[in-house]
Amino acid sequence: MEGDRHPRVLSSRCRAVLGKGATVSDERQAVRHLLVLEDSEGRRPILLEAATYSIGRDPTNSIVLHSKMVSRQHAILFRVTSPETNSYLFRLIDGDLQGKRSTNGTVVNGQRIVAHDLRTGDMIVFGGDVRARYLALTNMTDTEFQDFCRSTDVLGFLSKSTNPFATLVPLREGNIENFSEAALVRLASYPELTPNPILEVDLEGKVTYLNPAAVMQFRDLQQQKLAHPLLLGLPELARYMKQTQEKVHVREVEYQGRIYEQSIHYIYESELIRSYVMDVTDRKRAEEQLRNQARREAIINRIIQAMRTTMVAAEVLQITADLLLEALGSTLCLITQTPAPNSPTYASRPQFASLPKDLIALNQQAIALFEPTLRKGEQVVLAADCTDLPEPLPRDLKTLNVNALVITPLIYLGQLLGQITLLECEWEPSEATSVLASDRSLWQQTLPKSWTPEDLSLLKTIADQCALAIHQAQLYQQVQELNADLERQVRARTAELEQKMQELERLNAIKDDFLSTVSHELRTPMANMKMAIHMLKQFATDDRQKRYLDILANECNRETELINDLLDLQRLEAGRSQIQQEVIDLDSWLPTVLEPFRNRMQQRQQSLEVLRPATLPPLLSNRHALARILAELINNACKYSPAGAQIVVRFDPIGGDRLQIQVSNPSEIPSEELPRIFEKFYRIPNADPWQQGGTGLGLALTQKLVEQLQGDISADSAAGMTTFTLTLPCAAGDPST
């Protein structure tokens with residue numbers, strides 16, 4: 001329920017308060033609406049200031065009645081504005097807004113009511129138990145009102161013969177019990193407080209309701225009645241809406257220089273026409289400004305588009321001249337470039353067969369006269385009737401029938417590149433002007449025009465775009481001139497680079513041959529060394545000798561692995577080793593590959609977790625190559641993880657034809673090192689907690705093997721975790737995919 005939840009209750013301790021918006025100067029004109037209640041809590045006057053009150057026993061009501069005979073939601077009291085005057089009264093409705101009546105009823109002056117417009121002095125009985133009197137008091141000073149509030153016998157105080165208070169009477173006669181439900185509650189919400197006018201009329205055109213906003217904005221509405229623009233044609237429109245079952249009709253009304261949008265509703269139940277009025281003048285003006293702005297932006301965009309499609313300044317300037325005539329409706333547009341004023345770009349209406357030399361001379365004369373002003377970036381606007389122009393400019397303007405002209409400089413980076421001149425003329429075409437005969441009637445109809453500040457602003461904006469176009473054309477010409485020299489330099493540099501590339505390729509081939517030869521030559525002595533160490537270990541005499549032999553064996557194994565990795569990587573890079581692909585059943589093959597790593601991790605107090613679906617799709621791959629890839633990734637994860645770490649291997653089918661394998665471990669690779677981890681012989685510095693060392697070939701070899709298997713591999717490292725992601729193709733035709 002709308003309204004003040006805490007109405008002002010006036011007791012012996014209260015002080016007089018003027019109505020909302022009242023001041024000391026108008027205190028005698030303030031009208032105070034009171035409801036004097038008497039229930040089990042005693043007698044108390046309540047100052048009615050809000051638009052709506054709910055009355056009942058429930059403590060959530062605006063006005064609480066202390067009696068068990070009263071309903072929880074007993075009645076509604078709301079303010080109603082008179083359509084005839086600026087005054088208002090209070091209307092009392094029995095029950096709530098949903099139409100549910102009170103249990104024991106509401107009685108006003110001895111008669112049970114459904115709804116009633118209160119008169120001052122009306123005696124109200126709620127539920128047969130709680131009594132109240134409604135009072136509308138005026139011509140009361142603050143002092144008198146304070147005496148009234150302190151009086152314990154309020155009703156007796158009012159009955160004195162010396163009562164100085166005038167009263168208000170309701171603005172309608174008779175009971176309103178026969179009103180429809182919609183008519184009774186239509187004012188119980190926002191209309192009294194909304195700043196937008198709301199009005200109602202019946203089918204005969206009689207005004208039945210105006211809210212305060214309508215009364216204030218349309219004071220002559222009662223006098224003009226149906227002749228008022230807001231009421232004009234409403235009865236006929238309502239009858240049409242009744243026939244067509246149209247619910248809402250919206251129209252625009254212009255009144256006293258303002259534009260209003262009127263939303264018209266026909267209330268079928270009470271046969272009333274309700275209008276919601278909104279002042280849309282500012283919106284309409286804003287829309288007009290937006291349309292003008294859109295037109296200006298469209299012109300600017302067309303010029304910009306021309307600048308983008310051509311680097312020839314003459315083409316852009318011709319398009320600009322045509323668009324300016326279209327936008328501003330001028331007679332003639334001249335665009336000159338510095339230092340070539342004798343060949344301006346022009347557009348005119350009607351079109352000249354050739355531009356008269358007199359106009360060119362007039363334009364040159366005006367530009368030369370105001371050149372200092374133009375170099376400052378200021379526009380020059382001249383009219384033929386100006387009295388302070390130096391001769392012979394006024395005479396020439398009059399001779400050529402030029403009423404006005406405006407010159408706008410084309411400036412870019414402080415440099416004057418040219419000018420745009422618009423002219424307004426009244427000319428009678430003759431042979432001297434060389435105007436086409438078919439255009440003579442249009443030429444005679446050309447009228448002078450004054451330029452608005454918006455026009456001059458648009459002209460300035462377009463001039464800036466033209467200056468940019470000229471500057472770009474000049475730069476383009478310079479670029480064109482440099483292109484030949486640049487192309488020659490590029491060809492020379494290209495030939496030089498090709499020669500160096502060939503030299504690098506030759507050196508790489510020599511390096512590869514060297515590595516291959518050295519690796520092959522080292523394999524045989526390393527094998528002999530391993531065999532000799534093995535034989536010595538069989539006859540070791542003490543622990544010290546065994547320890548030294550173990551060191552020799554480990555170093556021998558490392559060198560052998562390095563040689564094998566170099567040879568394998570060399571074959572893969574040279575393309576001499578082609579991996580044969582086969583279908584691998586991961587469900588049976590994978591456990592045999594992963595099991596050996598668990599024992600190694602237990603020795604380092606690490607754990608291995610494998611995350612996989614119940615069934616994995618078969619892969620089209622190579623068992624040896626795939627086992628070597630997984631071994632390298634898992635060994636790296638163990639090698640660079642501390643004790644107690646958990647290494648996670650995850651298998652996820654993706655897209656139905658690919659399998660993604662991820663190996664994650666709790667270590668982080670610096671962002672600056674991450675792009676280099678697949679380089680040959682590269683090792684991350686200070687990242688080996690177990691001090692195992694390495695050759696830096698493992699990940700490079702892994703990347704080449706993945707490429708051979710038609711897969712992809714990548715690495716991500718952040719927040720203390722590193723993850724290698726391997727994607728491989730599944731075997732075609734697998735049902736599980």
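One-based numbering along the sequence shown.
When all heavy atoms of Cys425 and Thr331 are compared, the closest pair comes out as N-OG1, 3.2 Å. Across all their heavy atoms, Thr320 and Cys466 have their closest contact at CG2-SG, 3.2 Å. The heavy-atom pair separating Pro409 from Ala463 by the smallest distance is O-CB, 3.7 Å. The two residues Leu389 and Ala383 make their nearest non-hydrogen contact at CD1-O, 3.8 Å. Closest non-hydrogen pair, Arg258 versus Arg285, comes out as NH1-NH1, 3.9 Å. Heavy-atom minimum distance, Arg79 versus Glu49: NH1-O, 3.7 Å.
Side-chain atoms of Glu297 and Asn301 form no donor-acceptor pair, as typed in the model, at a separation below 3.5 Å. Between the side chains of Asp485 and Gln489, at least one donor N or O sits under 3.5 Å from an acceptor N or O. Residues Thr336 and Gln419 have side chains that bring a donor and an acceptor to within less than 3.5 angstrom of each other. With hydrogens and angles left out, the side-chain atoms of Asp455 and Thr452 include a donor and acceptor closer than 3.5 Å. Between Gln660 and Thr727, the side chains place no donor N or O within less than 3.5 Å of an acceptor N or O (distance only, hydrogens not considered).
Interatomic distance, Tyr266 OH to Glu271 CD, rounded to the nearest 0.5 Å: 4.0 Å.
Side-chain atoms of Gln710 do not come within 3.5 Å of backbone N or O of Glu707 as any donor-acceptor pair. For Thr208 (side chain) and Glu200 (main-chain N/O), a donor-acceptor pair under 3.5 Å exists by modelled atom type. In this structure, Thr281 contributes its side chain and Ile259 its backbone to a donor-acceptor pair below 3.5 Å.
For the pair Lys225 and Val207, the minimum side-chain heavy-atom distance is 4.5 Å or more. At a threshold of 4.5 Å between non-hydrogen side-chain atoms, the residues Tyr255 and His228 count as touching. When side chains are defined from C-beta on, Leu459 counts as touching Ile420, because their heavy atoms get closer than 4.5 Å. You'll find the side chain of Leu417 stays beyond 4.5 Å of the side chain of Thr338, heavy atoms only. Side-chain contact check for Leu397 versus Leu405: some heavy-atom pair is nearer than 4.5 Å. Counting heavy atoms from C-beta outward, Arg506 and Gln502 have side chains that stay 4.5 Å or more apart. Side-chain atoms of Gln224 and Phe218, non-hydrogen and from C-beta on, never get closer than 4.5 Å to each other. Side-chain contact between Met241 and Ile264: present, with at least one pair of heavy atoms (C-beta onward) separated by less than 4.5 Å.
A salt bridge between Glu371 and Arg375 is present, with a side-chain N of the basic residue lying under 4.0 Å from a carboxylate O of the acidic one. Salt-bridge annotation for Arg291 and Glu288: present, with a side-chain N of the basic residue lying under 4.0 Å from a carboxylate O of the acidic one. Between Glu503 and Lys500 there is no salt bridge, since no side-chain N of the basic residue sits under 4.0 Å from a carboxylate O of the acidic one.
Applying the 6.0 Å contact sphere to CZ of Arg493 captures no more than 12 heavy atoms from other residues, nucleotides or ligands. No more than 12 heavy atoms of other residues, nucleotides or ligands shown are found within 6.0 angstrom of OH on Tyr476.
If you run side-chain contact (heavy atoms from CB on, under 4.5 Å) between Leu362 and each of Leu393, Ile367, Leu334, only Leu393 comes through.
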